[in-house]
Amino acid sequence: MSSRPSMWGFWQPPSDQADDLRVITRQADLVELKLLVPDGGPAGGQARKVYFLDTPSLALKQSGIVVRVRERAGREDDIVVKLRPMHTRNVPGWLRRAPGFHVEVDAMPGNYVCSGALKQQLGKGSVAQALKAGKPLTSLLSARQRRLLSAYAPCALDDLTTFGPVKARKRRVKVRGLALTAERWVYPDGSALLELSTKCPVDEAAAVSARISRALRKDGIAPSEIQHTKTELALAQAAA
């Protein structure tokens, strides 16, 4: 990547990780810049419920696998299987060619990871219908997602349990003309976080992150002291 790490604004990597960042960003087409900011309380936006599938001991998480199910009000639900971290040189051909599969870099301040995700769109109300009928949410997995889990997961589908829901709201916001996604998650214990994010091509990531950092600073918005992913906090609560 040609841009200097010093241009990454809030997302500037530690000096000892600059070379790692250049390697990671060469493996993906997109970068998703994520930033936790102080929570301002309830806000509007599209309502959704988020569930995670894992074993009680979080065997999937420990193996770098995330299975997330989203119930979205008024829109199609979806289910995704993520490999994080993922080394693209080890991705089998059938997975690279699978519809709904994409590779991107998830970037938070001081933390960069290459992720591969295989998503399956579901019908409206699919998650609620499965839960009402007493069916496991694993029943919503596509054949390709089952194949992916069979290849990488350290356990059987029958070993997975459902965690959640986490209640969330997502909306588009503008900060000094820059369009961002704001997503607020409220966890089962009542704690909440607010994440700002945007996606951009790899070769634009340094410039985009610098612009966003300048805009947020001008509006007096600073990153939260501790930066965690939404998924990490959800699974940490599940294991508690």
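Bear in mind the structure is a predicted one, so any value in this text is a computation, not a measurement. Quick note: residue numbers are just sequence positions, from 1.
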Problem set entry | L58/F163 under side chain to side chain contact (heavy atoms under 4.5 Å, CB included): CA gap, chis, key distance, verdict | CA-CA 11 Å; L58 303 185; F163 297 108; 4.0 Å; yes
Problem set entry | Step-by-step side chain to side chain contact (heavy atoms under 4.5 Å, CB included) determination, E76 to L122 | CA-CA 6 Å; E76 291 183 333; L122 306 171; 6.0 Å; no
Problem set entry | Pair Q237-D189, side-chain hydrogen bond (donor to acceptor under 3.5 Å, both in side chains): steps then yes or no | CA-CA 8 Å; Q237 285 200 15; D189 70 351; 2.8 Å; yes
Problem set entry | Residue pair L178, R211: steps toward the side chain to side chain contact (heavy atoms under 4.5 Å, CB included) verdict | CA-CA 8 Å; L178 297 176; R211 288 199 301 271; 4.2 Å; yes
Exercise. Should T138 and D158 be marked as a side chain to side chain contact (heavy atoms under 4.5 Å, CB included) after you check the CA-CA gap, both sets of side-chain angles, and the distance that decides it?
Worked result: CA-CA 8 Å; T138 51; D158 289 345; 5.9 Å; no
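Checked against side-chain hydrogen bond (donor to acceptor under 3.5 Å, both in side chains), R144 has no partners two or more places apart in sequence or in another chain. Applying the side-chain hydrogen bond (donor to acceptor under 3.5 Å, both in side chains) test to R84 and every residue at least two apart in sequence or in another chain returns D106.
The NZ atom of K218 sits 6.0 Å away from the CZ atom of R176 when rounded to the nearest 0.5 Å. Separation of atoms NZ (K34) and CG (N111) is listed at 10.0 Å; rounding is to 0.5 Å. Taking CD1 of I221 as the start and OG of S213 as the end, the distance is 11.5 Å to the nearest 0.5 Å. The CE atom of M86 sits 10.5 Å away from the CD atom of E104 when rounded to the nearest 0.5 Å. E195 contributes atom CD, which lies 6.5 Å from atom CD of E183 (distance to the nearest 0.5 angstrom). The CZ atom of F10 sits 10.0 Å away from the CG atom of L196 when rounded to the nearest 0.5 Å.
Between K135 and S139, the closest heavy-atom pair is CB-OG, 4.0 Å. Shortest non-hydrogen contact noted between V37 and S224 is C-OG, 3.1 Å. Listed here is the closest heavy atom pair of A192 and R184: CB-NH2, 3.6 Å. P109 approaches Q227 most closely through the heavy-atom pair CD-OE1, 3.8 Å. Summarising the geometry of A168 relative to V50, their closest heavy-atom pair is CB-CG2, 4.5 Å, with the distance given to 0.1 Å. Taking both residues in full, the closest heavy atoms of E71 and A128 are given as OE2-CB, 3.6 Å, listed atom of the first, atom of the second, then distance.
Between the side chain of D219 and the main chain of V175, no donor-acceptor pair closer than 3.5 Å is present. The closest donor-acceptor contact from the side chain of D54 to the backbone of V66 lies at 3.5 Å or more, if one exists at all. A side-chain donor-acceptor contact under 3.5 Å links Q145 to the backbone of I79. In this structure, the side chain of S209 engages the main chain of A205 through a donor-acceptor pair within 3.5 Å. Without hydrogens or angle criteria, Q120 side chain to L141 main chain gives no donor-acceptor distance under 3.5 Å. Distance alone, capped at 3.5 Å, places no donor-acceptor pair between the T198 side chain and the L180 backbone. When atom types are taken as modelled, the side chain of Y187 and the backbone of K230 share a donor-acceptor pair closer than 3.5 angstrom.
Using modelled atom types, one finds a donor on one side chain and an acceptor on the other under 3.5 Å when comparing S57 with T55.
Taking Ile, Leu, Val, Met, Phe, Trp and Tyr as members and joining any whose side-chain heavy atoms lie under 4.5 Å apart, directly or through other members, V186 forms no hydrophobic cluster with any other residue.
Of the residues listed (L36, T181, L33), the one engaging S197 in a side-chain contact (heavy atoms from CB on, under 4.5 Å) is T181, and it is the only one. A side-chain contact (heavy atoms from CB on, under 4.5 Å) with L157 is found for one member of L53, V67, L149 and no other, namely L149.
Counting heavy atoms from C-beta on, the side chains of D29 and H102 never come closer than 4.5 Å. Looking at heavy atoms from C-beta onward, D77 lies out of side-chain contact with V69 at the 4.5 angstrom threshold. Using a 4.5 Å heavy-atom threshold, the side chains of W94 and L148 count as touching. When side chains are defined from C-beta on, W185 does not count as touching L233, because their heavy atoms never get closer than 4.5 Å. Taking 4.5 Å as the limit, some side-chain heavy atom of K119 sits within range of a side-chain heavy atom of R70. Here the side chains of P188 and V166 are in contact, with some heavy-atom distance below 4.5 Å. In this structure the side chain of H228 reaches within 4.5 angstrom of the side chain of I226, judged on heavy atoms. Between P201 and V31 the shortest side-chain heavy-atom distance does not fall below 4.5 Å.
Residues I24 and V103 do not share a hydrophobic cluster, defined by chaining ILVMFWY side chains whose heavy atoms lie under 4.5 Å apart. Taken together through direct or relayed side-chain contacts under 4.5 Å among Ile, Leu, Val, Met, Phe, Trp and Tyr, L160 and L131 form part of one hydrophobic cluster. Put simply, V80 and L140 are part of two different groups of oily side chains (I, L, V, M, F, W, Y) that touch within less than 4.5 Å, one to the next. By the rule that hydrophobic residues join a cluster once side-chain heavy atoms approach within less than 4.5 Å of another member, F52 and L83 end up as members of separate clusters.
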